[in-house]
Amino acid sequence: MEFKQINPKTGEDLILTNQIIAQFLHTHLEEYGDELGDILKCIDYVMNPMKGGNIIVGLVDSKIVGVVIVTNTGMKDFIPENILVYIAIDSSQRGKGYGKELMQKAISVTKGNIALHVEPNNPAKILYEKLGFTNKYLEMRLIK
């Protein structure tokens, strides 16, 4: 798999528009995804040089097979410096190790600790655990 890294420091568009990346995530996140507009907000956040993060696109034969987005939190120590917000693999390409490759690339290019949220029944939870992620806390939210 070939990787294309998009972040505000490189400024590279790499011919992949925000809309293409967002649509890929919206389609392949399936029941674990968000609305297209929310995904675009996340991409805008990463591309803002005052905030930042990384978008990593996995390509096979010039076709997108996976995307991962990691955002910077601007914090350190008491909250991890980064949050893995999205990772998706093309539904027709799952089971080929692309998710692991994409995660390993994201981990290697991200400076600092990484947090993520995963639903207990999401099959990706097993991958995260194999890569060293642990569950220290139970997340609770007050939705107003």
Side-chain angles (χ1 to χ4, degrees), residues 1-137 139 141 143:
M1 179 167 33
E2 175 187 358
F3 298 105
K4 298 290 182 186
Q5 183 178 344
I6 305 167
N7 67 43
K9 292 177 185 153
T10 64
E12 293 181 60
D13 187 330
L14 303 173
I15 309 172
L16 298 169
T17 68
N18 294 357
Q19 192 69 37
I20 291 169
I21 292 168
Q23 188 60 55
F24 178 89
L25 288 166
H26 186 259
T27 299
H28 296 287
L29 284 168
E30 299 169 349
E31 71 265 26
Y32 303 108
D34 291 326
E35 296 296 323
L36 190 60
D38 293 335
I39 296 169
L40 285 165
K41 286 178 191 175
C42 180
I43 292 170
D44 288 343
Y45 182 98
V46 169
M47 296 311 294
N48 180 335
M50 299 301 293
K51 296 178 181 173
N54 282 295
I55 300 170
I56 300 164
V57 179
L59 301 163
V60 172
D61 297 326
S62 300
K63 181 179 185 260
I64 298 175
V65 296
V67 173
V68 62
I69 299 181
V70 178
T71 61
N72 293 355
T73 65
M75 312 223 184
K76 187 177 177 183
D77 300 325
F78 65 98
I79 293 177
E81 296 98 309
N82 305 281
I83 297 178
L84 188 149
V85 182
Y86 296 114
I87 180 168
I89 302 300
D90 183 311
S91 55
S92 70
Q93 300 297 313
R94 293 182 186 151
K96 297 181 179 182
Y98 295 142
K100 182 178 181 181
E101 282 186 67
L102 204 52
M103 281 296 301
Q104 288 172 325
K105 180 66 174 180
I107 291 167
S108 74
V109 300
T110 301
K111 294 179 181 173
N113 296 328
I114 304 171
L116 61 83
H117 297 107
V118 61
E119 295 179 30
N121 62 335
N122 187 330
K125 181 176 180 280
I126 295 166
L127 170 63
Y128 303 142
E129 291 168 341
K130 286 181 180 177
L131 291 170
F133 285 84
T134 60
N135 183 9
K136 184 175 178 182
Y137 302 105
E139 178 186 294
R141 291 185 182 189
I143 307 296

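Computed from a prediction, not measured in an experiment: that's the story for all the values here. Scope of the values below: all heavy atoms of this structure, side chains included, with no hydrogens, waters or symmetry mates. For reference, positions follow the sequence shown, starting with 1.
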Just by distance, with hydrogens left out, do Tyr86 and Asp34 show a side-chain donor and acceptor under 3.5 Å apart?
yes

Distance (rounded to the nearest 0.5 Å) between Glu31 CD and Glu119 CD
8.0 Å

So, does Asn72 use its side chain to make a donor-acceptor pair with the main chain of Asn82 at under 3.5 Å?
no

Gly58 versus Leu102, closest heavy-atom pair with distance
N-CD1, 3.9 Å

Quick check: closest heavy atoms across Met1 and Tyr98, and the distance to 0.1 Å?
CE-O, 3.4 Å

Taking atom CG of Asn121 as the centre, does the number of heavy atoms from other residues, nucleotides or ligands within less than 6.0 Å exceed 12?
yes

Looking at every heavy atom in both Leu127 and Met103, which two are closest together, and how far apart are they?
CD2-CG, 4.0 Å

The reported gap from CD in Glu35 to CG in Leu40 (rounded to nearest 0.5 angstrom) is 11.5 Å

Which pair of heavy atoms, one from Ser108 and one from Lys105, lies closest together, and at what distance?
OG-O, 2.9 Å

Straight-line distance of Asn54 CG to Met47 CE, nearest 0.5 Å
9.5 Å

Is it true that a side-chain atom of Thr73 and a backbone atom of Pro80 form a donor plus acceptor pair closer than 3.5 Å?
yes

Any donor-acceptor pair under 3.5 Å linking the side chain of Asn48 with the backbone of Met50?
yes

Less than 4.5 Å apart, side chain to side chain, heavy atoms only: is that true for Lys63 and Asp90?
yes

Of the options Ile107, Thr110, Ile56, Leu116, which is the one that meets Val70 in a side chain to side chain contact (heavy atoms under 4.5 Å, CB included)?
Thr110

Looking at Thr71, Val85, Ile55, which hits side chain to side chain contact (heavy atoms under 4.5 Å, CB included) with Ile43?
Ile55

Less than 4.5 Å apart, any side-chain heavy atom of Gln19 and any of Leu36?
yes

One should read off an interatomic distance between Tyr32 OH and Ile87 CD1, to the nearest 0.5 angstrom, of 14.0 Å

Kindly compute the distance separating CD1 (Ile89) from NZ (Lys100), expressed to the nearest 0.5 Å.
13.5 Å

Do Ile21 and Ile6 come close enough that some side-chain heavy atom pair is under 4.5 Å?
yes

Exercise: identify the closest heavy-atom pair between Gly53 and Val46:
C-CG1, 3.5 Å

Which heavy-atom pair separates Glu81 from Lys76 by the least distance, and what is that distance?
OE2-CG, 3.6 Å

Heavy atoms, side chains only, cut-off 4.5 Å: are Val60 and Gln93 in contact?
no

Is there a side-chain contact between Arg141 and His117 in this structure, where contact means two heavy atoms from C-beta onward sitting under 4.5 Å apart?
yes

With rounding to the nearest 0.5 Å, note down the distance linking CZ in Phe133 to CG in Asn113.
9.5 Å

Quick one, Asn122 and Tyr128 - any side-chain contact, counting heavy atoms below 4.5 Å?
no

Who are the side chain to side chain contact (heavy atoms under 4.5 Å, CB included) partners of Glu129, not counting sequence neighbours?
Lys125

